[in-house]
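To find a chain, count down the sequence lines: A is the first, B the second, and so on, and within it residues start at 1.
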Protein chains: 2
Amino acid sequence: MKDILERLKDKGVSLTPQRMAIAEFLSKCKNHPTADEIHKVLQAKYPTMSLATVYSALELLKELGEIQELSIRKRGKACFDPNPDIHHHLLCKKCGKILGMEFDYPRTCPIIAQDTINGCKIEEVQAYLYGICSECLKKESDKKG
Amino acid sequence: MKDILERLKDKGVSLTPQRMAIAEFLSKCKNHPTADEIHKVLQAKYPTMSLATVYSALELLKELGEIQELSIRKRGKACFDPNPDIHHHLLCKKCGKILGMEFDYPRTCPIIAQDTINGCKIEEVQAYLYGICSECLKKESDKKG
DNA sequence: AGAAAAAAATAGAAGAATTATAATCTTGAA
DNA sequence: TTCAAGATTATAATTCTTCTATTTTTTTCT
Ligand SMILES: [Mn+2]
Ligand SMILES: [Mn+2]
Ligand SMILES: [Zn+2]
Ligand SMILES: [Zn+2]
């Protein structure tokens, strides 16, 4: 499969150093960073990069379907997901992390497998699971011994 | 069942006119208003009511478990749900309305009925369904004739 | 009821995230 | 290389929410 920079090139996007850095950072990113988290990390390499550039690159990548913005927010800030496909997330009540979940929610759920509920046409489902992540569970059980 | 004002009284909350107005408005409300929507409506009756009062009353009602704040936002604004129980929502792609959904998602969805997934403990599930509401569907079919 | 204390409402300022603007710089085509 | 179009930057503006100081209302106590 082509990597993100090739796809952007194919789509006629001009590949500036800032955009490349943001796209590459996201493609290697395993969590759900906010705009300022991305900005802070990349400033080490690109000291002049502005937050406005990060926002505008994220907007572009969103429009191109390379990433998505989540509905949930981390401390009031928008979170971006390097994976543009609809999938589900767990918010850990202990550590606040947002984890992507692999299972296929809609297809395994009969009521959602229908495409109409209460007279409404369902096109996509995004579930937010609230709970405790495996790391925090481990810490808890370690404490109890 | 007791109404919201009685419950607030039982909990020792002082029932000021503003709080009563906000609580009663919410108890009769069938959708998911933002703070400023509530404020606009109530200003007709209470011209001096400030937006800060609305926010603080909402915070109080949230803490008391009388309402909940949704994870999703309407045009960047927080949405409040008069129903404090976990349930699911449809966001209409056409009109932008947020509709409460009645069905019991977790129990009808086998994978979610488990309380552990990927080593994470699941305590609550909120599903956001993206699609088209019944009203908008009707409008569409009317147009097509 | 009336006075004092506590709590709440208000107006406005402050804060934080995001978006818009204008100037400067870069890119890429001719 | 030249030049127009587009991107980045710094800064200002905007929007939503929270905070603060002051005023007003409610509650408590006599
Ligand atoms: Mn994800
Ligand atoms: Mn609801
Ligand atoms: Zn955790
Ligand atoms: Zn609709």
Please tabulate, one pair per line, each protein N/O and nucleotide N/O from nucleotides 10-13 of chain C that are separated by under 3.5 Å, including the distance.
{"residue": "C:dT10", "atom": "OP1", "partner": "B:Gln18", "partner atom": "NE2", "Å": "3.4"}
{"residue": "C:dT10", "atom": "OP1", "partner": "B:Thr48", "partner atom": "O", "Å": "2.9"}
{"residue": "C:dT10", "atom": "OP1", "partner": "B:Thr48", "partner atom": "OG1", "Å": "3.1"}
{"residue": "C:dT10", "atom": "OP1", "partner": "B:Met49", "partner atom": "N", "Å": "3.2"}
{"residue": "C:dT10", "atom": "OP2", "partner": "B:Ser50", "partner atom": "N", "Å": "3.0"}
{"residue": "C:dT10", "atom": "OP2", "partner": "B:Thr53", "partner atom": "OG1", "Å": "2.6"}
{"residue": "C:dT10", "atom": "O5'", "partner": "B:Thr48", "partner atom": "O", "Å": "3.2"}

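Here the C1' atom of nucleotide D:dT15 and the OH atom of A:Tyr55 are 13 Å apart, to the nearest Å. Atom pair B:Glu59:CD and D:dC16:P shows a separation of 18 Å (rounding to whole Å applied). Note: CG (B:Leu58) to P (D:dT17) measures 10 Å, nearest angstrom. In this structure, CG of B:Leu15 is placed 13 Å from C1' of C:dA7, rounded to the nearest angstrom.
Note that SG of B:Cys92 is 9.0 Å distant from CD of B:Glu135, once rounded to the nearest 0.5 Å.
For the contact set between residues 60-78 of chain B and DNA chain C, defined by any heavy atom under 4.0 Å, there are no members. Remark: nothing in residues 23-43 of chain A comes within less than 4.0 Å of DNA chain C through any heavy atom. For DNA chain D, the residues of residues 3-14 of chain A within the heavy-atom distance limit of 4.0 Å (strictly under) are A:Ser14, sorted by number.
Side-chain atoms of A:Leu26 and A:Ile4, non-hydrogen and from C-beta on, never get closer than 4.5 Å to each other.
Although no hydrogens or angles enter the test, the distance criterion places no donor-acceptor pair under 3.5 Å between the side chain of B:Lys121 and the main chain of A:Leu137. B:Glu66 places no side-chain N or O within donor-acceptor distance of the main-chain N or O of B:Pro84, the cut-off being under 3.5 Å.
Counted within 6.0 Å of NZ on A:Lys93, heavy atoms from surrounding residues, nucleotides or ligands total more than 12; the atom is thus considered enclosed. A:Lys9 NZ: 12 or fewer foreign heavy atoms inside a 6.0 Å radius.
Between D:dT8 and A:Thr16, a contact under 4.0 Å exists linking OP1 or OP2 to a side-chain N or O.
The heavy-atom pair separating B:Asp85 from B:Gln68 by the smallest distance is O-NE2, 3.0 Å. Scanning both residues, A:Pro82 and A:Ile67, for their nearest heavy atoms gives CA-CG2, 4.1 Å. B:Ile22 and B:Val54 make their closest contact through CD1-CA, 3.9 Å (heavy atoms, listed as atom of the first residue, atom of the second, distance).
With sequence neighbours left out, B:Asp3 forms a salt bridge (charged side-chain N to carboxylate O under 4.0 Å, His left out) with no residue at all. Remark: B:Glu140 engages B:Lys94 in a side chain to side chain donor-acceptor pair (under 3.5 Å) (not counting sequence neighbours).
Residue order along DNA chain D, read from the 5' end via each residue's closest nucleotide, puts A:Pro17 first among A:Pro17 and B:Pro17.
When each of A:Lys74, A:His89, A:Glu37, A:Glu69 is paired with A:His32, the side-chain hydrogen bond (donor to acceptor under 3.5 Å, both in side chains) condition holds for A:His89 and for no other.
Counted by atom type alone, B:Tyr130 and A:Ser71 present one or more donor-acceptor pairs between their side chains at under 3.5 Å.
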